[in-house]
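The structure appears below as C-alpha cells.
So that the names make sense, note that chain A is the first sequence line, chain B the second, and so on, each numbered from 1.
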Amino acid sequence: MTTPVSRSPKALGRRLLAWYGRARRRLPWREGRGRHPDPYRVWLSEIMLQQTGVATVGPYYERFLARWPTVGALARASLDDVLHAWQGLGYYARARNLHRAASLVAETLGGRFPDDEAGLARLPGVGPYTAAAVAAIAFGRRTVPVDGNVARVIARLHGLRTRLPEGRAALFVRARAMLPARPERGASFEARVTPVGVHSHDVKPARHPGDFAEALMDLGATVCTPRKPRCEACPWGSACRARALGRPEEFPAKKPRPQRPTRHAVVFWAEDGLGRVLVRRRPERGLLGGMMEFPSTPWRAKPWTDGEAPRHAPAQGAWRPLSPSFRHAFTHFALEARVVRARVRGGAVRSFSWWPVAELDRLALPSVMKKAAKIAAATGRKRPGNRTESKASSGR
DNA sequence: GAGCCGTGGAC
DNA sequence: TGTCCAAGGCT
C-alpha cells in the first residue's frame, strides 16, 4: 500500500513540504500563508528564539511587537526599556545587540533590513543561523538555516554522527540539496488562501525557501525530537538511516557536558527606613550585563560563613539571615545563595542607589535577583511573632 | 576552538 | 532533585 519513499533529495524535499502544508504550526511570528513576512518581525523572533523555546518566547514577542511595532520604534527606545522588556528571557547580550542592530538599521540603512545573508550577518547578534533564517523567511533567499533542529533532522536522515559546529557545512549541503529548484508558479497551498485584496507582490511563490526552512524546524520540534522521536509520524519514514539503524536518538553524536560547579553568594537586602533598598547596575559586559542587582558578596566556590560575609556588605548593619536559601542555575555554574537583611543608614553608598521596594518591577531585574527579592519580601510580610519557626538551621 | 552567556520546562 | 534541553553568537 505504501509507496517506498524515494531517496532522491528533491523528492524528500517535496514530501517535507507536503507534510508542512498539513502540520504547519501557527506561531505568533508567522504570517498567514501567502504573505511575505515583515523582516523586522522575522528578525525579532529569530533573535528571541536563539537557544530559547517557542513557548517561552511567545509572550515576549507579543509585548515587544505591541510596544515597538517597527524597527524605527525599537531604535528610538532606550536600552533600559529594552532590557526591562527582556528581563527573564536570559542571554541579555541579545537584548543589547538587538537594540544596537535596530539603531543601525534605522539610522544608517534607512530603516530597511539587508536582504541577503552577508548583509544580515553584519548586524550585531546575527550569526550564520539567524542570517540564513531571515534571508530565507523574510526575503525568499535560497538558503537553509542550520540550527540544532535542522542538524538533528539531517543527521538522522543520513545517519551522520556529525554535530555542530564541525558538521555545519556537510549538513548544509545535504539540506540544501532538498530545497526545491525554484519557486513554481501556479496553484499552491499558499495561493489558495491568499486573501482578497492582497497585491500580487505581497504573494509568496509556492515552495518559498522560508517554508522549507520552517518545515525543517517544525519537523525537528514536533516529530524528530531529541528524545523519543515520533518516527511513525515522520514524512520521511523509511528513508531515514538513523531509524533503520534502530536508534534514532543516538544521532547526531552528543557532546559530553562539562560538570557545572556551584558558586556561593550572600545577597544583602539593605533597607533604609523609607521602604527603599540598595541596587546597582551590573557592568555592560559579562554575566547579566547591564541588568540590575542587589549588593552581594563575590560569587565564589567556597561557602560564606556568617562571620566573613558582612565584610562585603554595602554598609554596616545587623545582618539577619532570611530563609530559605535558594539555588539558581546559570549556563556554566549554579549559584547557591542566601539573603541577609538589615536596616542601614539611608545616606549615599558608593556605587549603589536607593530604590523603592514598591517599584522594583520597574527595574530590569534578572530572574536570579527576582528570587532574592521574593525571599526578602516574603519574610518582610511575616509578622514578628512568626519569624523564628523556619530556621532551626540558619539561626545563630 | 572552546568557554562564556539565562531561563524555565520536561522527564 | 538532577539532568537535559531550546530556532546561537561572541570573544
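- Nucleic acid contact class of Leu98(A) (heavy atoms, under 4.0 Å, all strands): none.
- Partners of Trp19(A) by ring pair (Phe, Tyr, Trp, His ring centres under 6.0 Å), not counting sequence neighbours: none found.
- Proximity of residues 117-128 of chain A to DNA chain C (heavy atom under 4.0 angstrom from any strand atom) is restricted to Pro124(A), Gly125(A), Val126(A), Gly127(A), Pro128(A).
- Using a 4.0 Å cut-off on heavy atoms, the residues of residues 48-56 of chain A that approach DNA chain B are Gln51(A), Thr52(A), listed by number.
- If you check every strand for non-hydrogen atoms under 4.0 Å, Pro366(A) touches sugar and phosphate atoms only.
- Using a 4.0 Å heavy-atom criterion, one finds that Ala329(A) contacts the bases of the nucleic acid, with or without backbone contacts as well.
- In terms of the ring pair (Phe, Tyr, Trp, His ring centres under 6.0 Å) criterion, residue partners of His312(A) (sequence neighbours excluded) are, by chain and number, Trp304(A).
- The residue among Lys228(A) and Arg96(A) whose nearest nucleotide of DNA chain B lies closer to the 5′ end is Arg96(A).
- Contacts of Arg25(A) with the nucleic acid, taken as non-hydrogen atoms under 4.0 Å apart, include base atoms.
- Backbone-only engagement by Gly88(A) is indicated by non-hydrogen atom pairs under 4.0 Å involving sugar-phosphate atoms exclusively.
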Under 3.5 Å, side-chain donor or acceptor atoms of residues 252-262 of chain A against the rest of the protein: list the pairs with distances, not counting sequence neighbours.
| unit_1 | atom_1 | unit_2 | atom_2 | d |
| --- | --- | --- | --- | --- |
| Arg260(A) | NH1 | Phe330(A) | O | 2.9 |

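- Applying the side chain to side chain donor-acceptor pair (under 3.5 Å) definition to pairs two or more places apart or across chains, those involving residues 167-178 of chain A are His158(A)-Arg174(A).
- With sequence neighbours excluded, no residue forms a ring pair (Phe, Tyr, Trp, His ring centres under 6.0 Å) with Trp355(A).
- Residue Arg285(A) places at least one side-chain N or O under 4.0 Å from the OP1 or OP2 atom of dT11(C).
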For residues 219-231 of chain A, run the donor-acceptor check on the side chains, cut-off 3.5 Å, and write out each pair with its distance to 0.1 Å, sequence neighbours left out.
| unit_1 | atom_1 | unit_2 | atom_2 | d |
| --- | --- | --- | --- | --- |
| Thr222(A) | OG1 | Asp218(A) | O | 2.8 |
| Thr225(A) | OG1 | Arg227(A) | O | 3.0 |
| Thr225(A) | OG1 | Lys228(A) | O | 3.4 |
| Arg230(A) | NH1 | Thr222(A) | O | 2.8 |

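- Within residues 63-74 of chain A, no residue has any heavy atom closer than 4.0 Å to DNA chain C.
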Do any side-chain atoms of residues 41-48 of chain A form donor-acceptor pairs under 3.5 angstrom with protein atoms, and if so which ones, sequence neighbours left out?
| unit_1 | atom_1 | unit_2 | atom_2 | d |
| --- | --- | --- | --- | --- |
| Ser45(A) | OG | Arg41(A) | O | 3.2 |
| Ser45(A) | OG | Val42(A) | O | 2.8 |
| Glu46(A) | OE1 | Tyr129(A) | OH | 2.8 |

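- You can see that DNA chain B meets the heavy atoms of chain A within a 4.0 Å-exclusive cut from dC4(B) to dG8(B), reading 5' to 3'.
- Backbone-only engagement by Thr130(A) is indicated by non-hydrogen atom pairs under 4.0 Å involving sugar-phosphate atoms exclusively.
- Residue Phe251(A) shares its hydrophobic cluster (ILVMFWY side chains chained together at separations under 4.5 Å) with Leu245(A).
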